[in-house]
Amino acid sequence: MGGVEQATTALVARLRAIGLLPVVELARAEDAVPLARALIAGGLPCIEITLRTPEAAAGIAAVRAACPEILLGAGTVLSLEQLEGALAAGADFAVAPGTNAVVVEASLARGLPMLPGVATPSEVEAARALGLRTVKLFPAELLGGADYIGALCGPYRDIGFVPTGSITPATLPGYLALPQVVACGGSWMVRPALVAAGEFDTIRELAAEAVRGVRAVRP
């Protein structure tokens, strides 16, 4: 798995450098490219499009074609069928809310880095047993926020976390202050209502504001 290990290392480095991963639920594929361009213009050259809608895979493919420079994730990858769709659409990595060993192993075998979700110490250990050292933590705020991740970091010092779930600009700094937090997933700058209304200038401004928040903690 040398290739996927290298790809995962590169993914983690890019995520850590950016610090924030916008998580999008896309109702219309035609919104994907202007949304991605707004995020790039705001200083967030990354996006996770969740496979929660029928339009998601087409949106991923459109972003891949129009914005080759963006770090592009497929989220909510729950099945082998969705994994194949993410690969076909050109995703750089996959994300899931939980850890399905079959999907994780298939993703790594295909050379696609994956960030499966964990919520408990036992789930962290299950992910470690699959060879993973970077995981999504979900739902972050409901589990206890930055304090909870800080507690997990004690015994699991070789694990990097990408917390996601109800994180806000106010809670973001607490997460980013933890060295083992690679980046945070957030959706406040890409709320479905903003996307549906075509408020891409607002999204760009919110992205730029979010970047300033990240840089205040990680210059």
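Just so it is clear, the values below take in all heavy atoms, side chains as well, and ignore hydrogens, waters and symmetry mates. As the structure is a prediction and not an experimental result, all values here were calculated from the model.
When side chains are defined from C-beta on, Pro97 counts as touching Leu78, because their heavy atoms get closer than 4.5 Å. Within the 4.5 Å cutoff, the side chain of Leu20 has no heavy atoms near those of the Leu176 side chain. Two residues are said to be in side-chain contact when any heavy atoms from C-beta on lie closer than 4.5 Å; Val135 and Phe161 meet this criterion. In this structure, Met114 and Val103 have side chains that are in contact, with non-hydrogen atoms separated by less than 4.5 Å. Residues Arg218 and Arg16 form a side-chain contact, since some pair of their non-hydrogen atoms from C-beta on lies under 4.5 Å apart.
Atoms CD1 and SG, on Ile18 and Cys184 in that order, are 13.0 Å from each other to the nearest 0.5 Å. Taking CG of Leu15 as the reference point, atom OG1 of Thr134 lies at 8.5 Å (rounded to 0.5 Å). A distance of 11.0 Å separates CG of Asn100 from OG of Ser107, quoted to the nearest 0.5 Å. A distance of 14.5 Å separates CD1 of Ile149 from OH of Tyr156, quoted to the nearest 0.5 Å. Here the straight-line distance linking atom CG of Leu26 with atom CD of Glu48 works out to 12.5 Å at 0.5 Å rounding. For the atom pair NZ (Lys136) and OG1 (Thr99), the distance works out to 10.5 Å, reported to the nearest 0.5 Å.
No path of Ile, Leu, Val, Met, Phe, Trp and Tyr side chains, each step under 4.5 Å between heavy atoms, connects Val24 with Phe138, placing them in separate hydrophobic clusters. Under the 4.5 Å side-chain contact rule for hydrophobic residues, Val4 and Leu112 share a cluster. Taking hydrophobic clusters as Ile, Leu, Val, Met, Phe, Trp and Tyr residues chained together by side-chain heavy-atom distances below 4.5 Å, Ile167 does not share a cluster with Val23. Under a hydrophobic clustering in which Ile, Leu, Val, Met, Phe, Trp and Tyr are joined whenever their side-chain heavy atoms come within less than 4.5 Å, directly or via other members, Leu130 and Leu137 fall into the same cluster. By the rule that hydrophobic residues join a cluster once side-chain heavy atoms approach within less than 4.5 Å of another member, Leu44 and Phe200 end up as members of one cluster.
In this structure, Tyr148 contributes its side chain and Ala119 its backbone to a donor-acceptor pair below 3.5 Å. Looking only at distances, a side-chain donor or acceptor of Arg191 sits under 3.5 Å from a matching main-chain atom of Trp188. Judged purely by atom type and a 3.5 angstrom limit, Arg64 uses its side chain to pair as donor or acceptor with the backbone of Pro68. Side-chain atoms of Thr9 come within 3.5 Å of backbone N or O of Glu5 as a donor-acceptor pair. Remark: side-chain polar atoms of Thr168 are paired, donor with acceptor, to backbone N or O of Thr171 under 3.5 angstrom. Of the possible polar contacts, one joining the Glu55 side chain to the Ala29 backbone as a donor-acceptor pair under 3.5 Å is found.
Residues satisfying the side chain to side chain donor-acceptor pair (under 3.5 Å) test with Gln82, not counting sequence neighbours, are none. Thr53 pairs by the side chain to side chain donor-acceptor pair (under 3.5 Å) definition with nothing, not counting sequence neighbours.
Other residues, nucleotides and ligands contribute more than 12 heavy atoms inside 6.0 Å of the CD atom of Glu84. Atom CZ of Arg215 sits in a crowded spot, with more than 12 heavy atoms from other residues, nucleotides or ligands closer than 6.0 Å.
The minimum heavy-atom distance linking Cys67 with Arg37 is given by the pair SG-CG, 3.9 Å. Scanning all heavy atoms of the two residues, the minimum distance from Ala56 to Thr50 falls at CB-O, 3.2 Å. Scanning all heavy atoms of the two residues, the minimum distance from Leu39 to Ala207 falls at CD2-CB, 4.1 Å. Here the closest heavy-atom approach between residue Arg128 and residue Arg133 is recorded as O-NH1, 3.3 Å. For Pro121 against Leu152, the heavy-atom pair with the smallest separation is CG-CD2, 3.9 Å. The heavy-atom pair separating Leu72 from Gly90 by the smallest distance is CD2-O, 4.0 Å.
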Audit row: Ile60, Leu51, side chain to side chain contact (heavy atoms under 4.5 Å, CB included) steps and yes/no:
CA-CA 9 Å; Ile60 292 171; Leu51 299 181; 3.8 Å; yes

Take Thr8 and Phe93, measure what side chain to side chain contact (heavy atoms under 4.5 Å, CB included) needs, and give me the verdict at the end.
CA-CA 8 Å; Thr8 300; Phe93 63 101; over 6 Å; no

